[in-house]
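What follows is a set of notes on a single structure, which appears directly below.
Here the structure is a predicted model, which means the values were calculated and not measured.
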Amino acid sequence: MPAVLSELPYHPPIAFFSQLLGVDALWLEAHEHYRKQTYRNRCLILTAQGQQPLTVPVVDGNRSEKVAISALEIDYRQNWIHRHWRTLQTAYGGSPYFEYYADYLHDIYQQKPALLFDLNLQFLRFYLRCLRLRVPLHFTTTYLPATADPSLLLPDLLDCRDHLTPKAQASPEPDRTSGRPYPQTFGKDFVPGLSILDLLFMQGPAAGSFLA
């Protein structure tokens with residue numbers, strides 16, 4: 001199977017992990033410039049009011065798109081950790097496996113890594129363990145433009161950067177699909193396109209079987 005090249009999301013969508021099934025490796029883009037309104041610092045969860053984004057604020061947001069993603073600092077002057085955690089507790093506190101994962105997730109938040117890339121990487125490694133996905137992680141050493149041949153970095157490399165987007169006007173494929181539907185906390189109809197948090201809190205150790 002080919003390796004996958006991707007940006008590094010915050011609490012990645014379920015489809016991010018679905019695209020890792022059977023791949024040889026995951027290459028994370030470490031030398032791109034930050035892009036606003038993407039999963040790099042945003043995730044989608046399900047609340048009683050429907051889908052809700054959680055966004056990590058970054059330092060000097062107006063100029064952030066000129067900063068390399070691996071050097072982008074989180075803005076801790078805003079009390080965003082408290083807001084995110086309270087929102088997760090409200091949305092998922094009654095789910096079957098919230099308490100099962102809560103302490104691990106809370107510990108990562110409380111470490112307060114300075115860089116967004118480091119925060120996202122800690123969460124990603126945690127999710128890979130939870131889903132039992134043994135995918136080697138590698139990091140790009142230079143930026144590969146989207147127009148370039150991915151084989152310049154590695155043969156059989158599949159470029160999946162920005163295939164997934166939280167923008168409402170985006171195409172429903174592929175990020176609005178989420179493997180097999182599963183029971184969710186709110187509503188009668190299955191809501192696709194959510195963060196892996198939603199699947200983990202509802203299915204726990206069985207979550208990996210819902211990726212395909």
Side-chain angles (χ1 to χ4, degrees), residues 6-18 28 34-62 64-65 67 69 72-128 130-131 162-170 175-178 182 184-187 190-204 207:
S6 175
E7 75 278 10
L8 178 56
Y10 172 65
H11 295 314
I14 297 167
F16 174 89
F17 295 97
S18 294
L28 295 171
Y34 167 71
R35 295 180 58 183
K36 295 180 179 179
Q37 298 182 10
T38 70
Y39 284 126
R40 289 163 179 82
N41 70 322
R42 180 178 302 188
C43 71
L44 296 176
I45 65 168
L46 186 61
T47 71
Q49 290 73 42
Q51 288 189 40
Q52 179 174 329
L54 298 178
T55 303
V56 179
V58 296
V59 173
D60 202 3
N62 292 332
S64 57
E65 289 184 313
V67 178
I69 190 66
L72 188 68
E73 297 182 35
I74 298 171
D75 188 353
Y76 285 105
R77 294 171 298 179
Q78 303 183 41
N79 196 18
W80 66 272
I81 290 180
H82 176 75
R83 293 197 301 270
H84 284 206
W85 192 248
R86 287 302 300 270
T87 302
L88 290 175
Q89 287 179 314
T90 300
Y92 296 110
S95 64
Y97 290 96
F98 178 79
E99 294 298 331
Y100 188 87
Y101 297 109
D103 287 346
Y104 298 102
L105 295 166
H106 193 260
D107 286 348
I108 293 175
Y109 276 121
Q110 290 306 306
Q111 292 176 30
K112 293 187 176 180
L115 303 178
L116 177 66
F117 197 87
D118 292 343
L119 175 70
N120 291 352
L121 184 59
Q122 288 190 52
F123 281 127
L124 174 61
R125 285 176 167 152
F126 173 71
Y127 293 135
L128 290 175
C130 293
L131 298 169
D162 292 306
H163 281 199
L164 307 176
T165 173
K167 294 182 180 179
Q169 67 271 26
D175 60 321
R176 296 302 179 191
T177 58
S178 303
Y182 54 89
Q184 293 174 315
T185 304
F186 302 104
F190 178 73
V191 179
L194 298 176
S195 164
I196 191 64
L197 286 168
D198 190 80
L199 177 57
L200 277 178
F201 289 150
M202 296 305 299
Q203 293 299 321

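Nearest approach of Ala207 to Leu199, heavy atoms of both residues: O-CD2, 3.6 Å. Contact detail for Leu44 and Gly193: the closest heavy-atom pair is CD1-O, 3.9 Å. Residues Pro113 and Gln122 share a closest heavy-atom pair of CG-NE2, 3.9 Å. Nearest heavy-atom pair across Ser95 and Thr185 is CB-OG1, 4.2 Å.
Residues satisfying the ring pair (Phe, Tyr, Trp, His ring centres under 6.0 Å) criterion with Phe117, sequence neighbours excluded, are absent altogether. Every residue two or more places apart in sequence or in another chain was checked for a ring pair (Phe, Tyr, Trp, His ring centres under 6.0 Å) with Phe17, and none qualifies.
Ring geometry for Tyr109 versus His11: interplanar angle over 60°, hence perpendicular rather than tilted (30 to 60°). Ring geometry for Phe201 versus Tyr92: interplanar angle of 30 to 60°, hence tilted. Ring geometry, His84 versus Trp80: the interplanar angle exceeds 60°, so the pair is classed perpendicular (tilted spans 30 to 60°).
Between Asp162 and Arg40, the closest side-chain pair of non-hydrogen atoms falls below 4.5 Å. Residues Met202 and Pro96 have side chains in contact (heavy-atom distance under 4.5 Å, counting atoms from C-beta outward). Between Lys112 and Ile81, some side-chain heavy-atom pair lies under the 4.5 Å cut-off. For the pair Leu164/Pro9, no side-chain contact is recorded, criterion being any heavy-atom separation below 4.5 Å from C-beta on. At least one side-chain heavy atom of Leu8 sits under 4.5 Å from a side-chain heavy atom of Leu121. Contact check for Asp75 versus Val58: no side-chain heavy atoms found under the 4.5 Å cut-off. Thr87 has its side chain within reach of Gln52: a pair of non-hydrogen atoms, C-beta onward, lies under 4.5 Å apart. At a threshold of 4.5 Å between non-hydrogen side-chain atoms, the residues Ile74 and Leu119 count as touching.
Side-chain atoms of Gln184 do not come within 3.5 Å of backbone N or O of Leu46 as any donor-acceptor pair. Panel note: side chain Gln51, backbone Leu194; no donor-acceptor pair is recorded below 3.5 Å. Not one N or O on the side chain of Asn120 forms a donor-acceptor pair closer than 3.5 Å with the backbone of Asn41.
Taking CG of Leu105 as the start and SG of Cys130 as the end, the distance is 7.5 Å to the nearest 0.5 Å. Taken from CD1 in Ile69 to CG in Leu115, the straight-line distance is 10.0 Å, to the nearest 0.5 Å. One distance of note links CD of Gln203 with CG of Asp198; it measures 10.0 Å at 0.5 Å rounding. Rounded to the nearest 0.5 Å, atoms OH (Tyr39) and OG (Ser6) are 12.0 Å apart. Separating the OG atom in Ser18 from the CD1 atom in Ile196 is a distance of 7.5 Å, to the nearest 0.5 Å. Rounding to the nearest 0.5 angstrom, the gap separating the NZ atom in Lys36 from the OG1 atom in Thr55 is 12.5 Å.
Counted within 6.0 Å of CZ on Arg35, heavy atoms from surrounding residues, nucleotides or ligands total 12 or fewer; the atom is thus considered open. The 12-atom threshold is not exceeded at OH of Tyr100, counting heavy atoms of other residues, nucleotides or ligands nearer than 6.0 Å. Residue Phe186 places its CZ atom among more than 12 non-hydrogen atoms of other residues, nucleotides or ligands, all under 6.0 Å distant. Within a 6.0 Å radius of CG in Asp103, no more than 12 heavy atoms belonging to other residues, nucleotides or ligands are found. Counting heavy atoms of neighbouring residues, nucleotides and ligands inside a 6.0 Å radius, atom CZ of Arg86 does not exceed 12 of them.
The aromatic ring centres of Tyr182 and Phe190 sit less than 6.0 Å apart.
The ring pair (Phe, Tyr, Trp, His ring centres under 6.0 Å) test with His106 is passed by exactly one of Phe126, Trp85, Phe98: Trp85.
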Residue pair Leu88, Leu54: steps toward the side-chain contact (heavy atoms from CB on, under 4.5 Å) verdict: CA-CA 9 Å; Leu88 290 175; Leu54 298 178; 4.0 Å; yes
